[in-house]
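Below, each value reflects all heavy atoms present in this structure, side chains not excepted, and no hydrogens, waters or symmetry copies.
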Amino acid sequence: MKVFLSDIDSLYDRYSGRLFHTSLRIVGDRTEAEQIMHDTLLKWLRRSPAGPVPGATPDSASDGRIEAWLVKVCVRASIDAIRRRRTLRRLFPERSLAERIPDEAETEAGWSGLLGDSQGEATEKVERIRRGMSRLPAGYRAVLSLLLFEGYDYEEAAEITGLKASSVRSQYVRAKARLLEILKKDG
């Protein structure tokens, strides 16, 4: 079956923002998050045996399954990217690029886009949380993103990260405490 350009555009328009922001919260790098988002969408197009159905609008149930699959693949790819960074740091300790965290100006548009509001008190709160999360270790960021932002439960997060559910729970508690400590210290 042929995959039409309009089908690819529709898939991209529907899911790219969610996938990009999901990955950005985990990896902390806009370029890497964008690459992961693109790779995830390509995996869907390659795995779907018939491809998207031209001109068809999926019902909400199948749309939900598609989105769940895409988010899960995106989260796993983001965690894999963090693991690759750790390996790079061990092999090439002089390379700080592997642990680069984007600066404020780089991610401001992405975080503002999550709210749909570029000004105001809510934007300021999100910015404080973003700065605080960027100071957390990568593992803590991943667990917080999965549980708080993506809505996974402990067992699902454990399956995605390859950890035990009890480890996910303890990392979640520690990450929340550490984030609150950072936010209080910063005022």
S.K.: Report yes or no: does E156 contribute a side-chain atom to a donor-acceptor pair with the main-chain N or O of D153 at less than 3.5 Å?
M.R.: yes
S.K.: Between R85 and D80, is there a salt bridge with N-O shorter than 4.0 Å?
M.R.: no
S.K.: Determine whether H38 and Y12 make a side-chain contact, defined as any pair of heavy atoms from C-beta on separated by less than 4.5 Å.
M.R.: yes
S.K.: In Å and rounded to the nearest 0.5 Å, what is the CG to CZ distance from L148 to R25?
M.R.: 9.5 Å
S.K.: Given I79 and V27, is the side-chain contact (heavy atoms from CB on, under 4.5 Å) satisfied, shown in steps?
M.R.: CA-CA 7 Å; I79 291 170; V27 299; over 6 Å; no
S.K.: Taking the side chain as every heavy atom from C-beta outward, state whether T22 and S145 have any pair of such atoms under 4.5 Å apart.
M.R.: no
S.K.: Can you say whether the rings of Y154 and Y172 are parallel (under 30°), tilted (30 to 60°) or perpendicular (over 60°)?
M.R.: perpendicular
S.K.: Between K164 and E159, does at least one N-O distance fall below 4.0 Å, as a salt bridge requires?
M.R.: no
S.K.: So which pairs with a foot in residues 172-182 pass salt bridge (Lys or Arg N to Asp or Glu O under 4.0 Å), sequence neighbours left out?
M.R.: none
S.K.: Quick check: do R135 and D186 have side-chain heavy atoms less than 4.5 Å from each other?
M.R.: yes
S.K.: Once you round to the nearest 0.5 Å, how far does CH2 of W44 lie from CG of L19?
M.R.: 12.0 Å
S.K.: Compare all side-chain heavy atoms of V168 with those of L147 and state whether any distance is below 4.5 angstrom.
M.R.: yes
S.K.: Taking all non-hydrogen atoms of both residues, which atom of S23 and which atom of A33 are closest, and how far apart?
M.R.: OG-CA, 3.4 Å
S.K.: Please give me the minimum heavy-atom distance between G162 and R83, naming the atom from each residue.
M.R.: N-NH2, 4.5 Å
S.K.: Might you point out which heavy atoms bring I36 and A81 nearest each other, and give the distance in Å?
M.R.: CD1-CB, 4.0 Å
S.K.: Can you see which heavy atom on A142 is nearest to which on I26, and at what distance?
M.R.: CB-CG2, 4.1 Å
S.K.: Hey, does M37 have a side-chain heavy atom less than 4.5 Å from the side chain of S16?
M.R.: yes
S.K.: Determine whether W69 and R47 make a side-chain contact, defined as any pair of heavy atoms from C-beta on separated by less than 4.5 Å.
M.R.: yes
S.K.: Which value, rounded to the nearest 0.5 Å, describes the distance between L144 atom CG and Q171 atom CD?
M.R.: 9.5 Å
S.K.: First locate atom OH of Y152, then atom NZ of K72, and finally report the distance between them rounded to the nearest 0.5 Å.
M.R.: 6.5 Å
S.K.: Rounded to the nearest 0.5 Å, what separates atom CG in L11 from atom CG in L70?
M.R.: 6.5 Å
S.K.: Side-chain contact test, heavy atoms from C-beta onward, threshold under 4.5 Å: evaluate it for F20 versus R30 and give yes or no.
M.R.: yes
S.K.: I want to check something: taking the side chain as every heavy atom from C-beta on, are L41 and L45 in contact at a cut-off of under 4.5 Å?
M.R.: no
S.K.: Report the residue from I82, L146, V75 that forms a side-chain contact (heavy atoms from CB on, under 4.5 Å) with T161.
M.R.: L146
S.K.: Report yes or no: do V173 and F149 belong to one cluster of Ile/Leu/Val/Met/Phe/Trp/Tyr joined by side chain heavy-atom distances under 4.5 Å?
M.R.: no
S.K.: For D39, give me all partners under salt bridge (charged side-chain N to carboxylate O under 4.0 Å, His left out), at least two apart in sequence or on another chain.
M.R.: none
S.K.: Which pair of non-hydrogen atoms, one from E155 and one from A165, has the smallest distance, and what is that distance?
M.R.: OE2-CB, 4.2 Å
S.K.: Would you say S170's side chain and S167's backbone share a donor-acceptor pair under 3.5 angstrom?
M.R.: yes
S.K.: I'd like to know if the side chain of R128 and the backbone of L183 have a donor-acceptor N/O pair within less than 3.5 Å.
M.R.: yes
S.K.: Which distance, rounded to the nearest 0.5 Å, do you find between the CD of E32 and the CD of Q35?
M.R.: 9.0 Å
S.K.: Just jot down the salt bridge (charged side-chain N to carboxylate O under 4.0 Å, His left out) partners of R18, sequence neighbours excluded, or say none.
M.R.: E67, E150
